Every structure is written in structure tokens, then in C-alpha cells.
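This is the structure I want to talk about, given as C-alpha cells.
Just so you know, ligand 1 is whichever comes first in the structure, and atom 1 is the first atom listed for that ligand. Please read these numbers as outputs of a predicted model, since none were measured by experiment.
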Amino acid sequence: MEFTKIQGAGNDFIIINNMKLKLPLNDIPAMAKKLCTRKVSLGANGFMVVDFPEGDADFKMRFYNSDGSIGEMCGNGARCIARYAYLNNIAGKNMRFETLAGNISAEILEGRLVKVQLNNPEKVMLDHDVEIDGIKYECSYVELGNPGIPHAIVKYPNLENTEESQIFDLGRKIRFYKEFPKGANVNFFNILDDTTAIVKTYERGVEDFTLACGTGSGSTAVALIFKGYLKSNKVKIIVPGGELFIEVERAEDKIEKLFLIGDTNIIAVGQIIDEDLNSIS
Ligand SMILES: N[C@H](CCC[C@H](N)C(=O)O)C(=O)O
């Protein structure tokens, strides 16, 4: 089966074109889980399927986390699938595609940079502190799109000197926090200057930290700008896998446009064999 392996800021994905392969959608979650499992298969944070659009968009993006669960959207995935679509003549440099969370537009910039307009925040709860093991953490809750991809944005002083292993248990507990109906991706942040934050994300559906989270960076930027921690509508989010840039167009307390910009890197194009796949029902 033909595939492309691509990563954006260290968030890595497998992409297949189901407009050609025409695989039954019921088979995809198990296939995604198997192919995303490192060491025993190709390995990735997520699995993306290009499919026929239902409306007048260029294509549909179906996103699956590495555990096979469906994600409403994926920001770095959107950047990567946009580059894939352009290089495979599925779309032009400016494109629109459908996702569960709503339509996304993307623009291929110079080199390997891609800019996507993320779904707007449909839910913003700036003061949604969480209490874990008797300790209170400053937290905001943001959902981008409708249905929205859920994000918890948690202040963590000295994050830049904190190992992920030190906050893995905390990340997992907040990911499953009782007050988050859909669970949440957990974005720990610390402010580095007026326009820069560092973010480390424990991702829902990966159930571990990833090197970057695009919608997490966008959600974090929205919360930090509204809370006055970041003092610009153009901010840099430093993530373990590199840097992501967020641009916000806002009218007072309403976000009108939210952009994610970052690098992409095509790792491989080829054929997936994985002999176990045949045994997947
Ligand atoms: N794990 C996320 C989906 C991927 C989000 C992240 N990779 C991004 O770039 O937005 C979820 O299930 O909500």
C-alpha cells in the first residue's frame, strides 16, 4: 500500500490516499493503530487519510491518533497533509479541505513552510484550574472547531528545565480530568518573553508527550494572549521538536482568524508491507 511519512515540528504522520486505495473506513482505526506503533511497524503520532470531499473543498482529511482513535483535527497534521496534497497535485498552493472540526484552509509558503488557518476557538474557558493530588494548577480549557479538539493549557514554571518524565503522571491525570468531557490534550507552558512561550504537550490518543502539537500551540497562544501573558498577535511557541508560529486576528475578545505556521519534512514515500496487516480484521 502506497504511503508517505512526513513530519512537522517533530509531530510525525503516515498519509495514504484513499481516493485511490478505496479501503473500507471500518478497517482504518485498527490499521492506524498497528502502523503507528513504533518498533513493530512504521511508527507515527498519527495516521491521515486523504478522501473525497463531500462539499466543494479540494479533499477531506480524516485524522486518527496512534491509538486508532479519531481526532477532530490536527494542526501539524493539517500542515503536513496540505504539503502532501500540493506535491501530489490534489490541490494548489492555496487549498481548502474538510475535517471533522470544520473546513481548513492552507497555503504552501516558500521552501517547506506551510501555513494553515486553524478552526476558531468555539470554547474558551480561561480560568478552569484543575486540582491533582491536592495541588491546584492554573489551567485554561480551549476547544478549536465544532466539534472541537479539546486542549488544557497548564502553567508550569521552569518547564524549560523540566523533563517530560517528571510531568508524565500529571499530564496523564489532567488528560483524563473528570471535568473534561472529551478528555484533553495537555499543554504545559511557561512564558519566556512577551512574544514567546515554551510548550510541552501530553497528547490525547497518543497517551504520551509528542515533540509538538499544532492545535495545542494554537490553543495555548489564544489563552495566553487573552490572559495577557503574551503581548502580541504574532507569537512563537517553542516545542521540543522545533518552533511553531501562531498569528491571531482578533476583535477585542473574539478570535476572527487563527493561523499556524511551521516547517514540514517528507521522510519517506513508498510501499507499506507489514505482513501483520492481513491479520487485522
Ligand atoms: N491528539 C490530538 C489530535 C492531534 C493533535 C496534534 N497532533 C496537533 O498537531 O494538533 C487529539 O486527539 O485531540
All pairs passing salt bridge (Lys or Arg N to Asp or Glu O under 4.0 Å) where residues 229-240 contributes a residue, at least two apart: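 Output for this query lists K236-E243.
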Going by the side-chain contact (heavy atoms from CB on, under 4.5 Å) test, name the single residue among I153, L211, N187 that passes it with T201.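 Output: one option passes, namely N187.
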Kindly assign one of parallel, tilted or perpendicular to the pair Y202 and F209, based on the angle between their ring planes and the thresholds 30° and 60°.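 Aromatic pair Y202/F209 classed perpendicular.
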Applying the side chain to side chain donor-acceptor pair (under 3.5 Å) criterion to N45, which one of N11, N65, T210, N76 satisfies it?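 Among N11, N65, T210, N76, the one that satisfies the side chain to side chain donor-acceptor pair (under 3.5 Å) with N45 is N11.
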So H128 and Y141, would you call those rings parallel, tilted or perpendicular, with 30° and 60° as cut-offs?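 Because their plane-to-plane angle lies in the 30° to 60° range, the rings of H128 and Y141 count as tilted.
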Donor-acceptor pair, N190 side chain versus P157 backbone, under 3.5 Å? no
Please produce the table of protein N or O atoms sitting under 3.5 Å from N or O atoms belonging to ligand 1, one pair a line, distance to 0.1 Å.
unit_1	atom_1	unit_2	atom_2	d
ligand 1	1 (N)	N65	OD1	2.8
ligand 1	1 (N)	N185	OD1	3.1
ligand 1	1 (N)	E203	OE1	2.7
ligand 1	1 (N)	R204	O	2.7
ligand 1	7 (N)	N11	OD1	2.9
ligand 1	7 (N)	E203	OE1	3.3
ligand 1	7 (N)	E203	OE2	3.1
ligand 1	9 (O)	N11	OD1	3.2
ligand 1	9 (O)	G75	N	3.3
ligand 1	9 (O)	N76	N	3.0
ligand 1	9 (O)	G214	N	2.7
ligand 1	10 (O)	G75	N	2.8
ligand 1	10 (O)	T215	N	2.9
ligand 1	10 (O)	T215	OG1	2.5
ligand 1	12 (O)	N65	ND2	2.7
ligand 1	12 (O)	R204	O	3.4
ligand 1	12 (O)	R204	NE	3.1
ligand 1	12 (O)	R204	NH2	3.2
ligand 1	13 (O)	N185	ND2	2.7
ligand 1	13 (O)	R204	NE	3.2
ligand 1	13 (O)	R204	NH2	2.9

